[in-house]
Amino acid sequence: METSLQTLLMESSILASGTNEGRRRFWRRFLRTPLAVISVAWIAVISAACLFYPIVTHQTGLFTDVAHSYAAPTQNHILGTDGLGRDEFVRVLLGGRISLLVGFTAALVAMVIGTGVGAISGFYGGVIDAILMRIVDVLLSVPTLFLLLFLAAMFHGSVVALIVVIGVTSWLNPSRLVRGEVLTIKERLYVEAARALGAVDARILARHVIPNAAGTIITTTTFMIANAMLAETALSYLGIGVRAPTPSWGNLLSSAQSDVFAGAYWLIVPAGLAILFTVTALNFIGDWLRENVGQ
Amino acid sequence: MTSFLVKRVLWSIPTLIGVTILTFLLIHIAPGGPAQALGGEKATPAQIAHLTHVLGFDRPLAEQYALWANALVHGDFGFSYIQQAPVRDLIAQRLPQTLLLMGAALLLSIVIAIPLGVYQAYRQNSVFDRTASSFVFLAWSMPTFWFGTILIALFAVTLRWFPVGGLQTIDTIAFDWPSRLAHLAMPASTLAIVSVAGWSRYIRGSMVEQLREDYAQTARAKGLPQRTVLFKHVLRNALIPFITILGSSIPLLFSGAVITEQIFAYPGMGQLFWQSAVDRDYATLLGMTVLTAILVVLGNLAADLAYGIVDPRVRYE
């Protein structure tokens, strides 16, 4: 009896982490989708370039040089300079640090809350489920940007506040998705087996339920990073996101609007493309994962 | 049928109450407390003490909520000390403009997204389908205000087809339809871009999925041409769940309106909400949040009821 229950528990970890054969098939499919490979490569390259920017440019930082403001791209400033004569390429790379940081950490905050609420809601069901999902319904009735603006008006200023504000407004849909997944997982035999062996709820959730929902969680996280980056852009455009002089892709793009009227039309391109490529890549990876994880 | 309608209507009541409780609590987490928040940053300690007493913030929380909710039911959305006007009047000036903008965007989205998605499914994996899918994917991932800026640079500054922004030409005071529509074209397109992308993807996906269903296979097996199967059988089934998507798009449209109205200096709810956030005019923020949330709940209710009427399976769940 004891041993057969143990075998059932093994099934849980095999399902969660996959077999060697399954993993090989996953990577083979990945390598056969050029766009998926390009998307992952783009995220890796842009992250590395932003993090270690002196590797990709000889410019060593941001120096105000008003005599050379709005200079067109040259060999020295490959993307030209902004209104204060600062190197635009360095600004885009430093802005990327902030935008990627906001995207990844805000998504992390959202997923921790979303996974917690979704797992508890789905696992316990009944009154707890009804109450939690009613709260999610209620929060979903308020337009996200309204909630963001409301909270940003109260707490804006630092990048940390921005991350928290975006994170706490983005966990609603993830929590629903995780809940749906947990509803099916909790009916599995290995959950019964764990319970028969005397595991407490917290252990069952942490060791068996959440690891088996990993596919859904990782896929959703990818979309959440993309969404958080777009939220940063939107808030920075509205003037309550990342504050100058700290550059971010959002505030570079919104200040580029006035630069266009000053004749420096090239400034609208780099930050815009950086956001567009990064968000598209993340959405594409998310789409691909949704179709290929757990197959 | 009647029991389904009644049940669904009753079901939305706890959500409505929850919405008012949530927004009521939002104002209490403001730094400095609710009286400070409603009075504005420049309010003196004496004014705050007065406000605390008048608005009842010195009473128990439950009693405060009851007072506030009672005022709400009677159409009193509070008073903006920053704008020196009742919030209800501020909203009443702006709401029609935003509803017009949202309506135009909704119409535009439906007219573009449905035919596009259907045609993509009809010519699945063709060059057209692949190209359209790529553009839709890019549009889906693009910051909205960037798209709006490109429209301004192209159609307002360079080609001069449309005005840069505003509601209608300034020298006319009376309502002027042609001028209104010209001013609406670019904002409505900007607001529509996200839903065009999302919906056409959805329609294409659900039609391709329906084509694999047994009934579609049967229709084809008895010799009906692909076109008939697609437009007569599959389209109807693919469009029914779309009603729910329409209902849930209302909060997205309100969110989009904040950005769109900002780009085109369009005097609607979104612009008022943004201005109130910048001014920390919490009374106005609170009133607008409650009203929009109620509109969203009612929109979802309407969509669910329509769904129940169109698809009999829903009623017997």
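All values below come from the heavy atoms of this structure, side chains included, with hydrogens, waters and symmetry mates left out. Predicted model only: the values in this text are computed from it and were never measured.
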Per ring pair (Phe, Tyr, Trp, His ring centres under 6.0 Å), A:Y237 is matched among B:W274, B:F147, B:F145 by B:F145
Would B:I259 and A:L145 count as a side-chain contact (heavy atoms from CB on, under 4.5 Å) if you check the C-alpha gap in whole Å, the side-chain angles of each, and the deciding distance to 0.1 Å? CA-CA 9 Å; B:I259 306 266; A:L145 200 52; 3.7 Å; yes
Let me know if [X] has heavy atoms under 4.5 Å from chain B in its side chain, its backbone, both or neither.
X      : value
A:D287 : side chain
A:A226 : neither
A:L282 : neither
A:L230 : side chain

Looking only at heavy atoms, the pair that brings B:Y282 and A:F150 closest together is CD2-CE2, 3.8 Å
Closest heavy-atom pair, B:W140 versus A:N283, reported as atoms and distance to 0.1 Å, is CD1-ND2, 3.5 Å
With rounding to the nearest 0.5 angstrom, report the [atom1] to [atom2] distance, [X] to [Y].
X      : Y      : atom1 : atom2 : value
B:S276 : A:L149 : OG    : CG    : 9.5 Å
A:I135 : B:I21  : CD1   : CD1   : 10.0 Å
A:L273 : B:W146 : CG    : CH2   : 4.5 Å
B:M142 : A:I275 : CE    : CD1   : 11.5 Å
A:F284 : B:S141 : CZ    : OG    : 11.0 Å

- prompt: Between B:V296 and A:V142, is a side-chain contact (heavy atoms from CB on, under 4.5 Å) present by the stated rule, with each step listed?
  reply: CA-CA 8 Å; B:V296 169; A:V142 181; over 6 Å; no
Taking the side chain as every heavy atom from C-beta outward, state whether A:L253 and B:P143 have any atom pair closer than 4.5 Å. yes
Heavy-atom distance under 4.5 Å between the side chains of A:T280 and B:L138, does that happen here? yes
| task | Verify the distance criterion only: is there a donor paired with an acceptor across the side chains of A:D137 and B:T15 at less than 3.5 Å? | result | no
Note: vs chain A, highest number of non-hydrogen pairs under 4.5 angstrom among B:V290, B:I17, B:I263, B:V297 is B:I263
